[in-house]
Colleague: 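For reference, the structure I am asking about is given below.
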Amino acid sequence: MPASAYVSVIGHETNYTEMVQLRYNYRLYPAPGQRSALARAFGCARVVFNDGLRARQDAHAVGLPYITDAELSAALTTAKGTPARAWLGDVSAVILQQSVADLNTAYRRFFDYRKALREWKAAGRKGPQPREVGLPRFKSRKDRRQAVRFTANSRFRVLPGGRLRLPKIGDVEVRWSRDLPSAPSSVTVIMDPAGRYFASFVVEATPGALPGAGPVTGIDLGLTHFAVLSDGTKIASPRFLRRAEKKLRRAQRSLSRKQDGSRNRDKARVKVARAHGRVADARREFHHQLSTALIRDNQAVAVEDLCVKGLARTRLAKSIHDAGWSAFTGMLEYKARLYGREFHRIGRFVPTSQVCSACGVKDGPKPLHIRTWQCQACGMWLDRDINAAVNVAKAAGLAATARGAQVRPGPRVPAQRGEAGTHPKPRREAA
Ligand SMILES: [Zn+2]
């Protein structure tokens, strides 16, 4: 039935042939018995995934053709009839099929990547290099995230009392933080590293039925500030992280002064190792705080892919920053997925600092010490970092504006500093 015939559209065109998938996530509170049933389900899904992966690897190792999706599915049915795998019958058959489907998807992504890479090389390496996708890897009990997916034909359902009925698990308590807009097509049950459970529902919707778009933000990660947002907010590393880094540097200097083989050197080495650990903890803490805030406050975020930022840096500084940045963007990515937000990574060939974010004119590279300039085409005063953040958002197709943050009437106003205090929160400076 053409739904569009009955929907009046105001103000914008909507393509009703295309469905979008929205994710709605809720906290689950399974009872002890349900928790062990879920553990069994996670385990079975893992075993099926790993069995399939091993079969394909073994076939590849002896030169046999790729095991097709249909063959793998048939092998699963056969395995359930054998004593060694009979216990797979204790869980919903759907989650096992979905686990095999995940494996197939992982392989398809890998093949697509290899094809794209070959084509990119054949075309003389023009344009952005395809993003690397590895072969699927074995799942482990120790993985940080355990998940199983129930589709509609597994007959999961939301009961009138609000509990979620999961086949062979039970009726699980849900905290409904917001309403589901329509009947979900699937639900993924997730256990996170903290041992918390979530239900992530997929709801098919027409774009016209999308909830009003919240703010969208482009993020520029840099050296002068940890991050600059397209709305003009500049975020420095928090005080607790800088303090830990300072202590680490002091410990390292002290170590380098100690004589080889001395007891003092051993002691100093232990101190450096401890300081390293504290810096890593503080950095992780900061990344978590900031990524949670950004995902909570925005409908969509975009960051630049940071393989190369083309800046002249020492190799050491670069490696330190890159490590921090990739951990941070990884958090943004998984939190976006967890909370049903959009996440975009922008290819590294987009010249975010060379293009005016107001009028789009590309006026070439500028030396690093140039922090603000006036666009010769439209006369806008641009702040290097904010301009980059807006361009990142635009490259992701997000309609970001700097909301006047980068418009400056005259010469550069120094950034306000010194929000005093020891609050362990990302420090926000007025731009
Ligand atoms: Zn301009």
Side-chain angles (χ1 to χ4, degrees), residues 11-13 126-129 131 212-236 290 294 297-313 318 321 325 328-329 332 341-417 426 428-431:
H12 61 280
E13 279 180 61
K126 276 201 218 61
Q129 183 173 353
R131 197 169 169 71
V216 296
T217 292
I219 304 166
D220 181 61
L221 301 173
L223 296 172
T224 47
H225 288 84
F226 177 78
V228 176
L229 311 184
S230 54
D231 69 358
T233 310
K234 298 187 173 186
I235 297 160
L290 184 57
L294 286 168
D297 298 344
N298 290 283
Q299 188 53 46
V301 296
V303 294
E304 201 173 355
D305 203 338
L306 295 153
C307 306
V308 183
K309 280 207 77 181
L311 302 181
R313 285 185 225 144
K318 182 172 148 27
H321 283 287
W325 285 333
F328 176 70
T329 57
L332 280 176
R341 305 295 205 221
E342 272 179 63
F343 175 81
H344 301 271
R345 240 180 243 277
I346 303 313
R348 52 173 145 136
F349 285 93
V350 178
T352 52
S353 66
Q354 301 183 18
V355 173
C356 168
S357 63
C359 71
V361 164
K362 181 174 172 180
D363 57 355
K366 290 132 205 113
L368 256 186
H369 68 271
I370 304 285
R371 308 308 303 173
T372 57
W373 67 89
Q374 188 170 25
C375 173
Q376 294 309 303
C378 71
M380 181 80 84
W381 275 94
L382 302 162
D383 173 292
R384 184 185 195 100
D385 301 320
I386 301 171
N387 186 57
V390 176
N391 279 332
V392 165
K394 286 192 164 170
L398 306 176
T401 54
R403 291 187 218 138
Q406 68 192 40
V407 185
R408 284 182 211 284
R412 183 156 76 110
V413 181
Q416 287 163 29
R417 293 181 59 88
R428 283 168 183 249
E429 291 178 0

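Just so you know, ligand 1 is whichever comes first in the structure, and atom 1 is the first atom listed for that ligand. Residues: numbered from 1 along the sequence shown.
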Colleague: Does the side chain of Asn391 come under 3.5 Å of the side chain of Ser357 through a donor N or O and an acceptor N or O?
Modeller: no
Colleague: Less than 4.5 Å apart, any side-chain heavy atom of Arg341 and any of Gln299?
Modeller: yes
Colleague: Taking 2.8 Å as the upper limit, name the protein N, O or S atoms near the Zn ion (ligand 1).
Modeller: Cys356 SG, Cys359 SG, Cys375 SG, Cys378 SG
Colleague: Using side chain to side chain contact (heavy atoms under 4.5 Å, CB included), reason through Ile386 and Lys234 one step at a time and then give a plain yes or no.
Modeller: CA-CA 8 Å; Ile386 301 171; Lys234 298 187 173 186; 4.1 Å; yes
Colleague: Rounded to the nearest 0.5 Å, how far apart are CG of Asn298 and CD1 of Ile219?
Modeller: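 Going from the CG atom of Asn298 to the CD1 atom of Ile219 covers 7.5 Å.
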Colleague: Using a 4.5 Å cut-off on heavy atoms from C-beta on, say whether the side chain of Leu221 contacts that of Thr329.
Modeller: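 In short, these two side chains touch, coming nearer than 4.5 Å.
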Colleague: Within a strict 4.5 Å, meaning less than it, do heavy atoms of the Asp385 and Arg371 side chains meet?
Modeller: yes
